[in-house]
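All of these numbers come straight from a predicted model, not from anything done at the bench. Start at 1 and go down the list; that is how both ligands and their atoms are numbered.
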Amino acid sequence: MPKFKIETWGCQMNEYDSQKMVGLLKQNGFTQTESEEEAEVFILNTCSVREKAVHKIHSRVGVLKKRYGEGKIVGICGCVASQEGRALMEKIPYLKFVLGTRSTHLIAKAVNRAMNGLKFLDSNDHKIEMDAPVTFAERTGKTKAYISIIEGCDNFCTYCVVPFTRGREHSRPLSIILNEVRDAVENQGIHEIELLGQNVNSYDYEGKGFADVLEVVSNQPDVQRVRFLTSHPKDFNERLVRVIAAHDNICPTIHLPMQSGSDRILKKMGRQYTRSDYLDKIKMIRDILPECWISSDFIVGFPGEEESDFLDTMDVIQSVKYDNLFSFKYSPRPRTAALKLRDTLVSDSIASSRLSVLQHTQEQIQLNKHLAMINHVYPVLIESFSKKNPKRLTGRTEGNHVVHFEAGRAAQLIGSIVDVRIETVTMASLKARLL
Ligand code: SAH
Ligand code: SF4
Ligand code: F3S
């Protein structure tokens, strides 16, 4: 049986696409391996959100070519494949196949052709296939099932490449989503569901919105935890927060990317909300859900960002006190509108120093938040044995904190929820005692 190795970069949607490709390849008689030597086929599932991510992929292809030459089959899937399509195949003739984000169902065909010496390219917009039920994703050893509810993005934030790599928004039928939830719970024994979309709040299928999806998924028997990613602040509404509040199994964990605290920059980014719209939504969330966990994404160094704009961002970070934060230096991306802005570019050294100020501040905030959790009890869904210490288990709180604790009697409980008391903390994780 031919062996393949899949390497995944990027977001949860890409991880999920990789799980689907692994499942399909296994159904078609291939075997997965983690060993580079053993693998005959390499599938690189790529991200192009920032330039650095794309560089990493090019250098990975370079390494494989140098190490193995024509001895291995190497193909690219995912966002770089969608964005560059045929040009990528022409630029790197070494590649045997290129499959866009909406062509991953063709993976077995692509690999089979490559094994017969034929190249394969497909970056078409296969909408019908997106609605087919996914009961083949490889979730072995996983305690959480990703389920995609809406793919693509129509927002065209001026810095972002995703609308060009993931295409136009397409909501999947609610009945199919529910089938996939039932399959994960009943056939695979998975009790945590994470609903995915570039903008889950834009879900719109036969009059049903995202709050409806969340409600029916959480009402399914044996679904112990429901999470979702990502919410765009412009469509994030009170009804959704009320649905979260009304269902114990929906984690009160909200990722609400703000990108900048400055109205001037938000406008240039095309985010369609103001600083005060955003802060009003944070207040609304905390009024309805006093115990919730909020995280965000920020970009520093967007063209035209001045020190005062950056201070506006820092002011939001200091006042909101996020539970977790993902922050990036602006990276110019092909085809995006920000490339045409006439504003002065922010130098790399200024962007780097802004990023480090932001990250340092967040580390302090996060550490203080973790310190306040000491001696409190939290339910944790056990995910696996700890990678560093096999006597320890690792799980996650509802707020997505990574928690380590001694295995004891809980070893056989991977996949279930237990109560733990937090004992010591760092910025990145928590140590606890099983109750
Ligand atoms: N759909 C999500 C974001 C997906 S991309 C949303 O709208 O929030 C994930 C994060 O990458 C973004 O939130 C943004 O902070 C960052 N990002 C996207 N494009 C970027 C770019 N060109 N440079 C730097 N960071 C970027
Ligand atoms: Fe990118 Fe904006 Fe769409 Fe998010 S909403 S994926 S940042 S274009
Ligand atoms: Fe990257 Fe594509 Fe996700 S660009 S962040 S893998 S949608």
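Atoms of ligand 2 lying under 4.0 Å from at least one heavy atom of Pro163, given by number and element, are 8 (S). Taking a cut-off of under 4.0 Å to the non-hydrogen atoms of Phe156, the atoms of ligand 2 that pass are 8 (S). Atoms of ligand 2 lying under 4.0 Å from at least one heavy atom of Val162, given by number and element, are 6 (S). Listed by atom number, the atoms of ligand 1 under 4.0 Å from Pro257 heavy atoms are 8 (O). Listed by atom number, the atoms of ligand 1 under 4.0 Å from Ile299 heavy atoms are 14 (C), 15 (O), 17 (N), 25 (N), 26 (C). Of all the atoms in ligand 3, the ones that sit under 4.0 Å from a non-hydrogen atom of Val49 are 1 (Fe), 4 (S). Taking every non-hydrogen atom of Asn14 and a distance limit under 4.0 Å, the qualifying atoms of ligand 3 come out as 6 (S). For ligand 2, the atoms closer than 4.0 angstrom to any heavy atom of Arg271 are 2 (Fe), 5 (S), 7 (S). Near His232, meaning under 4.0 Å from one of its heavy atoms, ligand 2 places the atoms 5 (S). Numbered from 1 in the order shown, with element, the atoms of ligand 1 that lie under 4.0 Å from a heavy atom of Lys329 read 23 (N), 24 (C).
When non-hydrogen atoms are compared, ligand 3 lies under 4.0 Å from the side chain of Arg166 (C-beta onward) but not from its backbone. Counting heavy atoms under 4.0 Å from ligand 2, residue Pro257 does not touch it at all. Residue-level proximity to ligand 2 for Asn199 is carried by the side chain, the only part with a heavy atom below 4.0 angstrom. Here Cys79 has side-chain heavy atoms under 4.0 Å from ligand 3, and that is the only part of it that gets that close.
At least one test fails for Lys65 against the ring of Tyr68: distance under 6.0 Å to the centre or angle within 45° of the axis. Note that Arg172 lies outside the cation-pi zone of Tyr205, set by a 6.0 Å cut-off to the ring centre and a 45° limit from the axis. A cation-pi arrangement is absent between Lys234 and Phe236, since the terminal nitrogen or guanidinium carbon is not both under 6.0 Å from the aromatic centre and inside a 45° cone about the axis.
Residue contacts with ligand 3 include Ser48, since one of its heavy atoms falls under 4.0 Å from the ligand. A heavy-atom separation below 4.0 Å is not found between His255 and ligand 1. For Gln198, the closest heavy-atom approach to ligand 3 falls below 4.0 Å.
Between Pro332 and Leu339 the shortest heavy-atom distance is CB-CD2, 3.7 Å. Considering every non-hydrogen atom in both Val300 and Ala351, the closest pair reads CG2-O, 3.6 Å. Minimum interatomic distance between Thr313 and Ser262 (heavy atoms only, all atoms of both residues): OG1-N, 4.4 Å. Taking both residues in full, the closest heavy atoms of Cys292 and Asp323 are given as O-OD2, 3.9 Å, listed atom of the first, atom of the second, then distance.
A donor-acceptor contact shorter than 3.5 Å links the side chain of Thr158 to the backbone of Lys268. For Lys72 (side chain) and Glu36 (main-chain N/O), a donor-acceptor pair under 3.5 Å exists by modelled atom type.
Atom 3 (Fe) of ligand 2 lies under 2.8 Å from an N, O or S atom belonging to Cys153.
Looking from atom 1 (Fe) of ligand 3 to the surrounding protein, the closest heavy atom is Cys47 SG, 2.4 Å. The nearest heavy-atom contact from the protein to atom 4 (C) of ligand 1 is Val162 CG2, 4.8 Å. Summary of contacts: the protein heavy atom closest to atom 25 (N) of ligand 1 is Arg50 NH1, 3.3 Å. When only non-hydrogen protein atoms are considered, atom 3 (Fe) of ligand 3 lies nearest to Cys11 SG, 2.3 Å. Nearest protein heavy-atom neighbour of atom 2 (Fe) of ligand 2: Cys157 SG, 2.3 Å. Summary of contacts: the protein heavy atom closest to atom 1 (Fe) of ligand 2 is Cys160 SG, 2.3 Å. In terms of protein heavy-atom proximity, atom 1 (N) of ligand 1 is nearest to Gln198 O, 2.8 Å. Protein heavy atom closest to atom 7 (S) of ligand 2, with residue, atom name and distance, is Tyr159 OH, 3.3 Å.
Within 6.0 Å of the NZ atom in Lys20, the count of heavy atoms belonging to other residues, nucleotides or ligands exceeds 12.
Here atom 10 (C) of ligand 1 lies nearest to Asp297 when heavy atoms of Val49, Asp297, Thr336 are compared. Residue Gln259 holds the heavy atom nearest to atom 15 (O) of ligand 1 of all those in Met269, Arg271, Gln259.
Residue contacts with ligand 1: Tyr330 is placed with no nitrogen or oxygen under 3.5 Å of a nitrogen or oxygen of the ligand (distance criterion only). For ligand 1, the polar-atom distance check finds no N/O of Thr230 at less than 3.5 Å from any of the ligand's N/O atoms.
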**Report entry** Test ring-ring contact (aromatic ring centres under 6.0 Å, His included) applied to Phe328 and Tyr159, step by step
**Finding:** CA-CA 12 Å; Phe328 315 96; Tyr159 50 82; 9.9 Å; no

Report task. Could you walk me through whether Ile150 and Glu169 pass side chain to side chain contact (heavy atoms under 4.5 Å, CB included), step by step? Result -> CA-CA 7 Å; Ile150 173 170; Glu169 277 171 4; 4.1 Å; yes

Report task. Show your working on side chain to side chain contact (heavy atoms under 4.5 Å, CB included) between Leu311 and Glu306 and close with a plain yes or no. Result -> CA-CA 9 Å; Leu311 292 177; Glu306 289 174 10; over 6 Å; no

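Taking the six-membered ring where the residue is Trp, Phe30 and Phe4 present perpendicular rings, their angle passing 60° and hence far from 30°.
Taking CD1 from Ile265 and OG from Ser260, the interatomic distance works out to 5.5 Å, rounded to the nearest 0.5 Å.
Checked options Asp263, Asp315, Asp280; the residue passing with Arg275 is Asp315 (criterion: side-chain hydrogen bond (donor to acceptor under 3.5 Å, both in side chains)).
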